[in-house]
Amino acid sequence: MALENAPGRMPVLFIGHGSPTTILTDNDATRGWARIGASLPRPKSILVISAHWYTRGTAVTAMAAPRTIHDFGPLAPELFEMAYPAPGDPQLAARVQTLLEPTRVTLDDSWGFDHGCWTVLKKAFPEADIPVVQLSLDHALSGQEHYALSQKLRPLRDEHVLIIASGNIVHNMSTLIWRDDAPTYPWGEKFRDHLVGHIRDRNFDPVIDYQQGGQDALHSVPAPDHYFPLMYALGASSDDDTISVENDFFQLGSIGMTSFVFSAA
């Protein structure tokens with residue numbers, strides 16, 4: 001169980017969430033999410049930036065009781081029976097709206113928790129008793145613009161808000177190998193190593209401008225929706241944070257599950 005509310009700056013997380021079916025079994029990914037959650041001080045609220053709320057403009061969930069969204073195709077029936085009944089936090093939504101000015105942020109009352117959010121939280125914070133808000137990704141913004149926007153969220157860390165960015169640093173659905181022992185593509189491994197090295201060194205420019213990774217980047221990030229959440233973890237981090245790498249493995253050959261925890265020293 002997570003610790004009680006503690007003074008000091010909350011960490012920032014980037015979580016590789018992978019396939020929705022990951023949540024159905026006890027595996028390396030779900031054990032990693034549970035381990036990360038148990039290691040953290042208990043947040044007052046959680047702000048999630050998920051790859052699966054990719055919108056025109058920027059929005060933040062502002063309802064008191066968000067719904068659980070089953071935003072995937074005909075997968076295992078038991079997935080559709082799962083719910084994450086955490087409360088929302090309209091006050092945090094309004095705070096995010098203010099912090100991100102002059103960017104226009106819509107207070108949304110129709111979205112909820114998509115699977116990039118609830119599958120991770122179901123393992124990291126299984127009691128579902130911490131208020132959760134989701135912030136959308138404006139598809140019109142560049143990586144640099146997402147990074148600049150996320151820097152404005154840093155004050156939340158000192159307000160006991162845990163920021164979780166949820167996506168995948170390598171995410172190529174067209175090259176998946178549907179078996180548990182799938183080999184990892186060399187381009188995915190090379191791009192992962194490229195990113196991890198630069199993030200450990202706090203050299204974020206080649207990570208933000210990921211196309212500097214050449215062909216490895218083009219194969220690893222054919223579309224930026226799962227990659228851009230990483231910008232929010234980087235932008236909300238601080239120069240003096242310690243950086244740990246978690247769940248550093250691949251799923252189905254071309255989904256990088258690598259996760260990062262940025263913690264105040």
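Numbering of residues begins at 1 and proceeds along the displayed sequence.
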Under 3.5 Å, side chain of Asn172 to main-chain N/O of Pro222, donor-acceptor pair present?
no
Is Ile36 reachable from Trp118 through a run of I, L, V, M, F, W or Y residues, each pair having side-chain heavy atoms under 4.5 Å apart?
yes
Distance only, no hydrogens: is a donor on one side chain within 3.5 Å (strictly under) of an acceptor on the other, for Ser237 and Arg202?
yes
Shortest non-hydrogen pair, Ala93 vs Leu107, comes out as O-CD2, 3.9 Å
Does Phe125 reach the side chain of Leu162, with side-chain heavy atoms less than 4.5 Å apart?
yes
Quick one about Thr22 and Gln251 (side-chain donor to acceptor, distance below 3.5 Å, no hydrogens or angles considered), yes or no?
yes
Report yes if some heavy atom in the side chain of Phe260 is under 4.5 Å from a heavy atom in the side chain of Val245; otherwise report no.
yes
Name the orientation class of the two ring planes belonging to Phe191 and Tyr227 (parallel below 30°, tilted from 30 to 60°, perpendicular beyond 60°).
tilted
Keeping the roles fixed (side chain from Ser136, backbone from Ala59), state whether a donor-acceptor pair exists under 3.5 Å.
yes
Which heavy atom of Ser50 sits nearest to which heavy atom of Gln134, and what is that distance?
CB-NE2, 3.6 Å
Is it true that Asp108 and Thr61 share a donor-acceptor pair across their side chains at a distance under 3.5 Å?
no
State, yes or no, whether a side-chain contact exists between Leu135 and Leu100 at a heavy-atom distance under 4.5 Å.
yes
Nearest heavy-atom neighbours spanning Met257 and Trp33
CE-CZ2, 4.2 Å
Please lay out, stage by stage, how Asp138 and Arg104 fare under the test salt bridge (charged side-chain N to carboxylate O under 4.0 Å, His left out).
CA-CA 11 Å; Asp138 182 351; Arg104 183 177 182 273; over 6 Å; no
Taking all atoms of both residues into account, what is the closest heavy-atom pair of Glu145 and Ala140, and its distance?
OE1-O, 4.1 Å
Asn168 side chain to Gly256 backbone, donor-acceptor under 3.5 Å
yes
Tell me, which pairs form a salt bridge (charged side-chain N to carboxylate O under 4.0 Å, His left out) where one or both residues lie in residues 151-177, sequence neighbours left out?
Arg9-Asp158, Arg95-Glu159, Arg157-Asp241
Stepwise salt bridge (charged side-chain N to carboxylate O under 4.0 Å, His left out) check, Asp28 with Arg31:
CA-CA 5 Å; Asp28 289 343; Arg31 286 191 294 271; 2.7 Å; yes
Tell me if a side-chain donor or acceptor on Thr119 pairs with a main-chain N or O of Ile23 at a distance below 3.5 Å.
no
Return yes if some donor-acceptor pair links the side-chain N/O of Arg67 with the main-chain N/O of Trp111 below 3.5 Å, else return no.
yes
Counting distance only, does the side-chain N/O of His70 pair as donor-acceptor with the main-chain N or O of Met82 below 3.5 Å?
yes
Does a sphere of radius 6.0 Å around CG in Asp180 hold more than 12 heavy atoms from other residues, nucleotides or ligands, not counting ones at 6.0 Å or beyond?
no
For the student: nearest non-hydrogen atoms of Ser220 and Gly188, plus distance:
OG-CA, 3.8 Å
Side-chain heavy atoms nearer than 4.5 Å, only ILVMFWY residues, links allowed to pass through others: does that put Phe14 and Ile164 together?
no
Are Leu13 and Tyr232 connected in a single hydrophobic cluster, I mean Ile/Leu/Val/Met/Phe/Trp/Tyr linked by side-chain heavy atoms less than 4.5 Å apart?
no
Test side-chain contact (heavy atoms from CB on, under 4.5 Å) on Leu156 and Val96; report intermediate values, then the result.
CA-CA 9 Å; Leu156 294 177; Val96 169; 4.1 Å; yes
Any sub-3.5 Å donor-acceptor pair from Asn247's side-chain atoms to Ile15's backbone N or O?
no
Within the distance-only criterion (no hydrogens, no angle test), does the side chain of Ser263 pair as donor or acceptor with the backbone N or O of Pro11 below 3.5 angstrom?
no
Between Leu218 and Gln215, is there a side-chain heavy-atom distance shorter than 4.5 Å?
yes
Does Leu149 share a hydrophobic cluster with Leu99, counting links as ILVMFWY side-chain heavy atoms below 4.5 Å and allowing steps through other members?
yes
Please check if the distance between the ring centroids of His219 and Tyr185 is under 6.0 Å.
no
Please verify the inter-ring angle class for His115 with His52; under 30° counts as parallel, over 60° as perpendicular, anything in between as tilted.
tilted
Identify, with sequence neighbours excluded, every residue that meets ring-ring contact (aromatic ring centres under 6.0 Å, His included) alongside Phe204.
none
Classify the angle between the aromatic ring planes of His171 and His226 as parallel (below 30°), tilted (30 to 60°) or perpendicular (above 60°).
parallel
